[in-house]
Amino acid sequence: SKARFTRSAASRLGTNTTELAVILYNGFDNTPLDGKSVSFWITQNGSLWSTTSRANTTGQSGDASGFSRYYFDPSCPSPEYFITGVQYWNATFAGDSAYFANTSANFTLGINSTFAIALKVPAGIVVNEGDPVRINANVSDECAEVSAATVSMRVIPDNTHCTPMSNPNGGNYSCDFSTTGIGVGFRNVTMNATKDFYLSVINLSVNPFQVRKSPILSNQKVTPETEG
């Protein structure tokens, strides 16, 4: 059998099909074989092969002789969970009374998605200038939390990045922002996340915290200044 595929990537968002296609032919004289069942197999995490046989018959109406195709729409979390990243696929002819079985080489297929970013903390708090603000955000996709993304948070109007950024677990990301010397007022926070096989996303959170300054007492005076 001889295989080809028409796209190198598939999106998990909505209904987005990717055509996988092969041509089955007689290995003796290279003539295409029609009316034969071909099964398409795809990995779910780069190494675990799906147990679902996606079968089609060669030489159907409108197709070239020996041609078989399958339109793959990756799912998660059910009926099967195909994670983002590089997956592999191949096509198998199980054989019959006239021909031996054969499986194509493995081919690569990238599965893509996009992020959902949510600011968790702060949420409408007031801080004294000079006190740090812990900023927590969660990054996920349509199936699960996303770890190991590159996440940046920027405080507006100061245009100052919150660093260093940590990813303590799962899709949770946090940093401590210093308010020393920035002045009073409401602050916005913009968040950006990037990772291979994901569309980058920018999120704006309006007025999640306000900086105030404590009043200063000076020119203390006691009246009368002398005892009497």
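If you're wondering where the values come from, they're calculated on a predicted model, not measured in any experiment. Numbers here simply count residues along the sequence, with the first being 1.
- At a cut-off of 3.5 Å, with distance as the only test, no side-chain donor of T84 or S113 sits close to an acceptor on the other residue.
- Of the possible polar contacts, one joining the Q44 side chain to the Y81 backbone as a donor-acceptor pair under 3.5 Å is found.
- Between the side chain of E145 and the backbone N or O of D141 there is no donor-acceptor pair closer than 3.5 Å.
- Nearest approach of N203 to I117, heavy atoms of both residues: ND2-O, 3.5 Å.
- Between the side chains of S174 and S166, at least one donor-acceptor pair of N or O atoms lies under 3.5 Å.
- Taking the six-membered ring for Trp and the full ring otherwise, F186 and F209 have centroids separated by 6.0 Å or more.
- With respect to E80 and R12, no salt bridge is recorded, no charged nitrogen being found less than 4.0 Å from a carboxylate O.
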side-chain contact (heavy atoms from CB on, under 4.5 Å) between L20 and F107, intermediate numbers included: CA-CA 10 Å; L20 311 178; F107 301 91; over 6 Å; no
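- With hydrogens and angles disregarded, a donor-acceptor distance shorter than 3.5 Å links the side chain of R187 to the backbone of G185.
- In this structure a side-chain-to-backbone donor-acceptor pair under 3.5 Å is present from S50 to T52.
- Residues forming a side-chain hydrogen bond (donor to acceptor under 3.5 Å, both in side chains) with K213 (at least two apart in sequence, or on another chain): E129.
- Of the possible polar contacts, one joining the N167 side chain to the N172 backbone as a donor-acceptor pair under 3.5 Å is found.
- Judged by distance alone, with hydrogens and angles left aside, the side-chain atoms of T58 form a donor-acceptor pair with the main-chain N or O of L33 at under 3.5 Å.
- A donor-acceptor pair under 3.5 Å is formed between the side chain of T160 and the backbone N or O of D158.
- For the atom pair T150 OG1 and Y173 OH, the distance stands at 8.0 Å (nearest 0.5 Å).
- Within the 3.5 Å criterion, the main-chain N or O of D131 finds a donor-acceptor partner in the side chain of T179.
- Side-chain contact of N128 with R212: a donor-acceptor pair under 3.5 Å is absent, judged by distance alone.
- Remark: the backbone N or O of A9 is paired with a side-chain donor or acceptor of T18 at under 3.5 angstrom.
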